[in-house]
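Predicted, not measured: the structure shown is a model, and the values here were computed from it. These numbers come from the heavy atoms of this one structure, side chains and all, not from hydrogens, waters or symmetry mates.
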Amino acid sequence: MSTETERRYDPEAIEPRWQAVWERERTWEVGNDAEAGTEKSYVLEMLPYPSGEPHMGHLKNYAIGDAVAHFHRRTGRRVLHPMGYDAFGLPAENHAIRTGELPRDSTAASIAAFQRQLRRWGVSIDWSREFGTHEPRYYRWTQWLFLQLFERGLAYRNEAAVNWCPKDATVLANEQVIDGRCERCGTEVEIKQLEQWFFRITDYADALIDGLDDIAWPEHVKTMQRNWIGRSTGAEVTFECPELGTEYPVFTTRPDTLFGATFFVMAPEHPDVLRLATGTPHEAAVQDYVAHVAREGHEERGDADRAKTGVPLGRSVVNPVNGERIPMFVADYVLMDYGTGAIMAVPGHDQRDFDFATAFDLPVRRVIEGGEELPYTGDGPLTDSDPRFDGLGNREALEAIVAWLDDQGRGHPSINYRLRDWLLSRQRYWGCPIPIVHCDACGLVPVPEDQLPVELPDVTDYTPQGRSPLAAAEAWVTTTCPRCGAHARRETDTMDTFVDSSWYFLRYCDAGNDEAAWDPEVLRRWAPVDQYIGGVEHAILHLMYSRFVVKALRDIGLLDFDEPFARLFTQGMITRDGAKMSKSKGNQISPTTYVDRYGADTARCYTMFIGPPDQDVDWRDDDIAGVHRFLGRLWRLAADVAGAGRRPAEAPDAPEGADLELVRKAHWAIDKVTTDMVGRFAFNTAIAAVMELVNEGYKHRDVASPEAQHFAVATAASLIFPFAPHAGADAYDLLTGDRVWEQPWPAADSRFLERDTVQIVVQVNGKVRDRFDAPADAGREAVEAAARERPNVQAHIDGKDVVKVVVVPGRLVNLVVR
RNA sequence: GCGGCUGUGGCGGAAUUGGUAGACGCGCAGGCUUCAGGUGCCUGUGGGCUUCGGCCCGUGGAGGUUCAAGUCCUCUCAGCCGCACCA
């Protein structure tokens, strides 16, 4: 094979050549005109945050998405596969403070880097729809969206206890606080009482939970969202304090244990705590305790393992089910922002209440039978409660007790959520301005739609000072009220970047529209996203916010669907030596290094071949060389076979011998790759199947006919195309002169998937003793008889009784002997 | 504590409804091509024993169901992720 040494697989030449074709012909652009009879497919990878250069995770993300996009195109769908940049945000601004480089400039530089790399990777993007969320032509509509929500009361301004990051000098959403620390900089957050902007996401708590049932998302992501929303059902029960004549409702998931309540606890932040203690001997102690708790850190207070602390209030409340007076306490294990800020304590059946009762020597009462020791939190019949309920199973009793309280007007069924409203305002510069004007006479006035966008002004000082840097832009801040024309001031806070990214997938559908955020007709043609691909780190934040926005827009009447992402795939992280790659660890690897060395196709294939794409995997330099070797083998075999002349990829009519083996393997590979792509994202095994086909090609190289070889290699090129588009296109072109992306996805011929002989395994007592070939259509009796004939089987059944025979046609025979 | 995921050769990983464990790749060993460079092609490669016919062991661990278990059930260990004093 003298040609082998002459022809070298040269991605440096191949890749730019095909990229030029796709660029010149705008191959991956799609129009918005209706096309009857063609199924649409909207394939989307999460948009990148442009900070520095793209990393390996981006390469993997776009490699996966591109494989899906290509596969969908070649299986007859019209594919929308756009790209954009989540360009606003803190890192660009912090970078600006550090280096003096303007956020606008550093962001632009990073976007240019992404554009360069994405083209160099050969990703099939419709560039005509590209935008950055920081461009006025985009955020004009982000502001419009904000106003839509504002006008329906879904965006509101309110004073509340909020998370404040002292380092970044801005408030944060609950979702951005991890273990009591800022998710960006790791600084411990403080709780401040501030007036801020919120989206009323809690109105959608139930809808967000229920909608999960209708979407094809990984179960663990759904679970995370359900846990985050944290729906608990129970009852609200009112306790009265006769000394002051005040009433305190509590939320409980266990009204069945009401008869076991032996004390009552309020959160230190509860507005009535000081008033209750006033005039009692505990007044000073309560004041001290409340002041002490106020100084406590998030982390300290959140530790469930530390000893319970608290102080008596010197008052008591009446348990509405039995009229018993129980003492009141203030303790920091009760939180103001969940439920009502007060609880009934049932130490017999709750660990925390039990711990508190032990520390303060309070009575512990058993009202549910079961378990050996208290506290017992399981199910069981009621005891020592009330003759009407004693003996009933606790779940049954729960319903009965709530119904009875409801009758008496002392309680009612209730549902509580862990989810809080989405705090969206930020006291930072590099974000979308909130399109609101503060007028002394009219209050909060929306900027009229025809005056959008409210453009982000240039400022010189980004340093966070506890108020938005925009406040320093006096000329910009000063304006007139759109309603009354009086002197007014602009809102100076900007929006959380998660607002920008909560709707970008809608804008791609109609990115060039200057009249509206989108044309409903056009949106109907593309939305929702059929396949969304990205990292799990967005399981809650971005994915829940987007779902909320889409549901809200649907209710407003602007959309006719209510889930943005029909299917979600979460890719695993690429780690280095088992650790997450990061600048600080110095263990980053750059895609450029590997694209330079092996080409984009190799780097792309490797990120998918390394392991199941949804799993975390460790990068190994040795393994990527193996993938490069494979692409070289495929390409050289194609170049070699193409030496016999170009022709269409067609299988020989009636192959025999080596030809038949080769044609069969090709059809097997078609079937394998197709099922791996359709049913699941098993790209690793799909690529392995193409490797097997190429290996088979080499195996039969000197014996198979040129026709059979040609068909097998052209099939391999066709199948590898979604993963290695340049190598696939080039090999296919060498063999056929055709463009592989214009060819329909190959179809497996069932005649070649079935074999006329199959290997039968013979087991004796479940252990494999022999194998033999039998006609595929052989009957049970024939197979069993043949199995018994095998010498090694004979040796194992000789002199024993065959008590049972199991025959699985086409697979095995199991002889059970005694 | 609650919820979820993962444990398979020296390594990454295959095994679609229980039916040949280890596909494919890496690594390693040997061979071939006048082969000087991040080469190419071929063969072998779970462990142990072997009279070279085979035999025994083997999917984190212990039980169980079944003719048959990596796969199903029970318990258990280890690691990772999410939530966490949420009443």
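Set against B:rC56, B:rU20, B:rG19, the side chain of A:Arg769 has B:rC56 as its closest nucleotide. When each of B:rG3, B:rC57, B:rA14 is scored by its nearest atom to the side-chain atoms of A:Thr223, the top-ranked nucleotide is B:rG3. The side chain of A:Leu335 approaches B:rA87 more closely than any other nucleotide in the set B:rC42, B:rC83, B:rA87. Candidate nucleotides B:rC83, B:rA15, B:rG25 were compared by shortest atom distance to the side chain of A:Asp623, and B:rG25 ranks first. For A:Arg636, the listed nucleotide lying nearest its side chain is B:rC41; candidates were B:rC41, B:rG19, B:rA21. When the nucleotides B:rC85, B:rC83, B:rG82 are ranked by their closest atom to the side chain of A:Lys308, B:rC85 comes out on top. For A:Arg680, taking side-chain heavy atoms from C-beta onward, the closest of the listed nucleotides B:rC41, B:rA15, B:rG12 is B:rA15. For A:Thr252, whose side chain is taken as the heavy atoms from C-beta onward, the closest listed nucleotide among B:rA87, B:rC42, B:rG27 is B:rA87. Listed candidates were B:rA87, B:rG4, B:rC41. Nearest to the side chain of A:His220 is B:rG4. Listed candidates were B:rC24, B:rG12, B:rC41. Nearest to the side chain of A:Asn695 is B:rC24.
Looking at heavy-atom distances under 4.0 Å, A:Asn684 makes contact with sugar-phosphate atoms alone, never a base. Among the protein residues, A:Arg597 comes within range of the nucleic acid bases, having at least one heavy atom under 4.0 Å from a base atom. Note on A:Pro791: nothing from the nucleic acid sits closer than 4.0 angstrom, heavy atoms only. Here A:Val816 lies in heavy-atom contact (under 4.0 Å) with sugar-phosphate atoms only. No contact: A:His349 has no heavy atom under 4.0 Å from any strand. In this structure, A:Val627 reaches neither bases nor backbone, as no heavy-atom distance under 4.0 Å exists between it and the strands shown. A:Ile610 comes within 4.0 angstrom of sugar-phosphate atoms only, judged by non-hydrogen atoms across all strands, and of no base. Across all strands, A:Phe609 comes closer than 4.0 Å to base atoms (heavy-atom distances). Among the protein residues, A:Gly626 comes within range of the sugar-phosphate backbone only, with heavy atoms under 4.0 Å from sugar or phosphate atoms but none that close to a base. Residue contacts shown for A:Arg811 are limited to sugar-phosphate atoms, with no base heavy atom under 4.0 Å away.
Scanning atom types as modelled, no donor and acceptor separated by under 3.5 angstrom connect the side chain of A:Gln615 and the base of B:rU6. Counting atom types as modelled, A:Asp622 pairs no side-chain N or O with a base atom of B:rC26 as donor and acceptor under 3.5 Å.
The phosphate of B:rC57 has OP1 or OP2 within less than 4.0 Å of a side-chain N or O from A:Lys767. Between A:Thr685 and the phosphate of B:rC24, there is no side-chain N or O to OP1/OP2 separation shorter than 4.0 Å.
Taking atom CG of A:Asn792 as the reference point, atom P of B:rG53 lies 12 Å away to the nearest angstrom. A:Lys699 has its NZ atom 11 Å from the P atom of B:rC42, to the nearest Å. At whole-Å resolution of the value, CE in A:Met608 and P in B:rG25 are 17 Å apart. Put simply, CG on A:Asn814 is 6 Å from C1' on B:rA68, counting in whole angstrom units. Between A:Arg306 atom CZ and B:rA84 atom P the separation is 16 Å, expressed in whole Å. Taking atom CD1 on A:Ile343 and atom C1' on B:rA87, their separation rounds to 6 Å, with Å as the unit. In this entry the distance linking NZ of A:Lys804 with P of B:rG19 reads 17 Å, nearest Å. The distance between atom CE of A:Met544 and atom P of B:rG82, rounded to the nearest whole Å, is 16 Å.
Here the separation of B:rG40 from B:rC26, taken at their P atoms, is 10 Å to the nearest Å. Atom name C1', nucleotides B:rG70 and B:rA15: the rounded distance is 9 Å, in whole Å. The gap from the C1' atom of B:rG9 to that of B:rG44 amounts to 15 Å, rounded to the nearest Å. Taking atom C1' on both nucleotides, B:rU6 is separated from B:rC57 by 26 Å, rounded to a whole Å. Remark: the separation of the P atoms in B:rG27 and B:rG12 is 15 Å, to the nearest Å. Look at the P atom in both B:rC72 and B:rG54: the space between them is 34 Å, to the nearest Å. Look at the C1' atom in both B:rG7 and B:rG22: the space between them is 16 Å, to the nearest Å. Atom name C1', nucleotides B:rU39 and B:rU51: the rounded distance is 45 Å, in whole Å.
Side-chain contact check for A:Asn695 and A:Arg633: at least one donor-acceptor pair (N or O, by modelled atom type) lies under 3.5 Å. Counting only N and O atoms by type, the side chains of A:Asp614 and A:Thr570 include no donor and acceptor under 3.5 Å apart.
Considering only heavy atoms from C-beta on, A:Phe723 stays 4.5 Å or farther from A:Val690 through its side chain. You'll find the side chain of A:Val265 stays beyond 4.5 Å of the side chain of A:Asp353, heavy atoms only. Between A:Pro809 and A:Arg780 the shortest side-chain heavy-atom distance falls below 4.5 Å. Under the 4.5 Å side-chain criterion, counting only non-hydrogen atoms from C-beta, A:Arg395 is in contact with A:Asp379.
Within a 6.0 Å sphere centred on CD of A:Glu12, other residues, nucleotides and ligands contribute 12 heavy atoms or fewer.
Mapping A:Asp676 and A:Ala689 onto RNA chain B via the closest heavy atom, the residue that lands nearer the 5' end is A:Asp676. Judged by closest nucleotide on RNA chain B, A:Gln763 is the one of A:Glu692 and A:Gln763 placed further toward the 5' end.
Nearest approach of A:Thr607 to A:Ala63, heavy atoms of both residues: OG1-CB, 4.0 Å.
Below 30°, between 30° and 60°, or above 60°: for A:Phe329 and A:Phe263 the angle between ring planes is above 60°, a perpendicular geometry. Below 30°, between 30° and 60°, or above 60°: for A:Phe356 and A:Tyr333 the angle between ring planes is between 30° and 60°, a tilted geometry.
Taken together, the paired segments of RNA chain B that extend over three or more consecutive Watson-Crick or G-U pairs, each closer than 3.5 Å at both contacts, are B:1-7 with B:77-83, B:10-12 with B:24-26, B:27-32 with B:40-45, B:46-49 with B:54-57, B:60-64 with B:72-76.
Glycosidic torsion of B:rG47 falls outside 90° of 0, placing the base in anti. Because its glycosidic torsion is within 90° of 0, B:rG9 is reported here as syn.
Proximity of the aromatic rings of A:Tyr606 and A:Tyr594 is defined here by a centroid distance below 6.0 angstrom, and this criterion is not met.
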